[in-house]
Amino acid sequence: MHRRLIVPSVLAASLMLAIPASAAARGSAPSDATPGAPGIGDPYYPAYGNGGYDVSHYDLKLKYEPSTDRLDGTATILATATQDLSRFDLDFLLDVSEVRVNGAKATFATSGQHELEVTPARSLAKGSSVTVVVRYSGVPSTKSAYGFSTWHRTPDGAVAADEPESAWWWFPSNDHPLDKATFDVSVSVPDGTQAISNGVLQSQRSKLGRTTFNWRSNKPQATYLTTLAVGKFDITTDTTAAGVPIVNAYSKDLGDNYGAARASVERTGEVADWLSGYFGPYPFSALGGYVPNTTTGYALETQTRPFYSPKQFANGANTSVIVHELAHQWYGDSVSLKGWKDIWINEGFASYAEWLWSESEGQGTTQQLADYVYDSHPADDAFWTVKPGDPGADNQFDAAVYDRGALAIQALRNKIGDTAFFRILKGWPTEHAYGNASVADFEKYAERISGKPLAEFFDTWLFTTAKPAAPAAAAKARIARPDAKPVRPRSWEQIERTHRTVHAH
Ligand code: TRP
Ligand code: ZN
């Protein structure tokens, strides 16, 4: 492993001697402090996130130049040391010019694929609060890790929206959903261009030919759900029935997809209100959606303000994808997974929400869609070899996680009955609001609410690499199968998912 030491060691040594009085006031530096781990301990992505500290807040001050893709930034990170810490990592790819820890200059070096190793002037005591300031710049589109980049330039700007990683290209972080934090994101762009991020637009100010947009997300937010889009947008506003302010943004450059994009995303408030009937009150204080002029085919549940590729609207209005991304606000965003293996809680439930929507639109009931998925994959189809409850990093976004995942949810409903099922659907987002939970936690919760032992049931539907035997209820409902199809038009996403570079760990 090649380490590139950025601060010359002579300078580093002299900095070590200069301990400011303010740092001394924080208590004595622990003498047996050790480096924080370079990963948070996720078996799917061992290098993602970091050990030794927990972030509570990120403040990002950014300046972006659409014509050159140059990004300048200062990140101020508030954290607490979770061990006596001699050194810690941040996940980051841009060029760092200075790091300060509790006001004092720190030395830093890069290592691995995306690690920025920070050595504070003095060790940090377990439980102490830590303020890290990172000054940086760079051209994000020139950076890659494991041979890929998730920074997307557009004709008039750029978009950062990806899963499970997008932060490395624009801010230093503890990049794992286990460490959620609040965010203030301030972005300066040339006048006439907008910057979109999560939460509420606190203010927008123009000066000297540039406009600064100040966004605030005031509930815990995972780093991959933190988004940035720069470009020329039309902005619309609205409120939900419950009074949550909505801000939507549409690239002015969507061409023929513009009308369908707007006809879909403008229904955000209606869909969120409808979902809250199943999932309980909407968990955040802002809402919306944005459609940049990007060539990627995805949509992503970026917190409070999902990202939608224009391709999602190539066949006209697509309310399914709105339902899907908004369902994630409860299942995936407010309640985050503990490890990436728990992805079924995100994708299975967001897909099931699409089935509920389909039923309410008269396009096929949840049972009919479950039967369709069950019947359209014969027993020897590779579909059944992917375990939704632990699909493996390379199959994290396989169709089985979505469709077999939603089928498992319909099977659960048939097994425990509607009363317990809908109590679970609504209770779970409250039980773990703004926190993290695993598939194992869900199993325990479902057993508690239903009063039924479900270990064997979950083994069959989530953890078996074979087609489960048809459950009685599903078999009955199959008598009159409509020509309803799973309503999510997933061709673009599936193609991209399948062809995506497999991560080298
Ligand atoms: N979570 C996204 C969804 O289902 C899909 C997704 C998986 C994705 N990997 C991605 C989106 C990478 C953008 C980039 O809505
Ligand atoms: Zn999803």
Side-chain angles (χ1 to χ4, degrees), residues 64-69 71 139-141 149-163 166 169-170 187 189-198 201 204 211 213 215 227-238 246-271 287-302 304-326 328 354 357 361 485 487-500:
Y64 184 70
E65 218 37 75
S67 55
T68 58
D69 194 39
L71 181 69
V139 177
S141 57
S149 165
T150 67
W151 178 262
H152 305 288
R153 284 190 81 179
T154 61
D156 55 2
V159 183
D162 219 292
E163 182 181 11
S166 77
W169 286 266
W170 65 289
V187 194
V189 293
D191 279 349
T193 293
Q194 283 85 32
I196 310 297
S197 188
N198 314 79
L201 182 63
Q204 171 183 336
T211 310
F213 293 81
W215 293 94
T227 191
L228 173 67
V230 172
K232 294 190 160 73
F233 292 95
D234 290 328
I235 310 282
T236 65
T237 59
D238 194 1
I246 300 176
V247 176
N248 300 316
Y250 308 91
S251 166
K252 291 177 185 291
D253 210 14
L254 296 180
D256 290 349
N257 291 324
Y258 187 93
R262 210 158 150 153
S264 311
V265 180
E266 288 298 304
R267 296 182 69 182
T268 291
E270 172 201 342
V271 170
L287 184 59
Y290 74 91
V291 191
N293 181 19
T294 169
T295 54
T296 49
Y298 297 112
L300 185 66
E301 61 268 26
T302 40
T304 72
R305 190 156 292 110
F307 151 76
Y308 303 99
S309 158
K311 287 182 182 168
Q312 292 290 334
F313 309 110
N315 301 311
N318 176 0
T319 44
S320 262
V321 73
I322 310 295
V323 170
H324 183 103
E325 305 313 332
L326 294 183
H328 276 309
E354 291 180 65
W357 177 258
E361 298 280 286
K485 294 216 272 190
V487 288
R488 179 178 172 85
R490 58 163 23 104
S491 50
W492 288 107
E493 296 111 277
Q494 278 314 125
I495 289 160
E496 291 207 13
R497 274 177 204 129
T498 317
H499 292 203
R500 191 148 188 251

Minimum heavy-atom distance between [X] and [Y], given as atom pair plus value:
X    : Y    : value
V230 : F233 : C-CE1, 3.9 Å
W170 : A160 : NE1-CB, 3.2 Å
P310 : N293 : CG-CA, 4.4 Å
Y64  : G157 : OH-O, 3.9 Å
S141 : R153 : OG-CD, 3.9 Å
G269 : I246 : CA-CD1, 3.5 Å

Judged by atom type as modelled, is there a donor-acceptor pair below 3.5 Å linking the side chain of [X] to the main-chain atoms of [Y]?
X    : Y    : value
T227 : T302 : no
Q312 : G297 : yes
S264 : N318 : yes

Minimum side-chain heavy-atom gap E301-E163 below 4.5 Å = yes
May I ask you to test the W215-Q204 pair for a side-chain heavy-atom distance under 4.5 Å?
-> no
Hey, what do you get for [atom1] ([X]) to [atom2] ([Y]), rounding to the nearest 0.5 Å?
X    : Y    : atom1 : atom2 : result
L287 : T268 : CG    : OG1   : 6.0 Å
I235 : N248 : CD1   : CG    : 8.5 Å
I322 : E354 : CD1   : CD    : 10.5 Å
L300 : Y298 : CG    : OH    : 10.0 Å

Whether the [X] and [Y] side chains hold a donor-acceptor pair (N or O, under 3.5 Å, no angle test) is what I'd like checked.
X    : Y    : result
Q194 : Y290 : no
D234 : Y258 : yes
W151 : D69  : yes
T150 : W169 : no

Should K232 and D156 count as an ion pair when the cut-off is N to O under 4.0 Å?
-> no
Counting only heavy atoms not in D191, do more than 12 fall under 6.0 Å of its CG?
-> yes
Run the side-chain contact (heavy atoms from CB on, under 4.5 Å) check on T211 and F213 step by step: do they pass?
-> CA-CA 7 Å; T211 310; F213 293 81; 3.6 Å; yes
Taking it one step at a time, do F307 and T294 satisfy side-chain contact (heavy atoms from CB on, under 4.5 Å)?
-> CA-CA 10 Å; F307 151 76; T294 169; 3.7 Å; yes
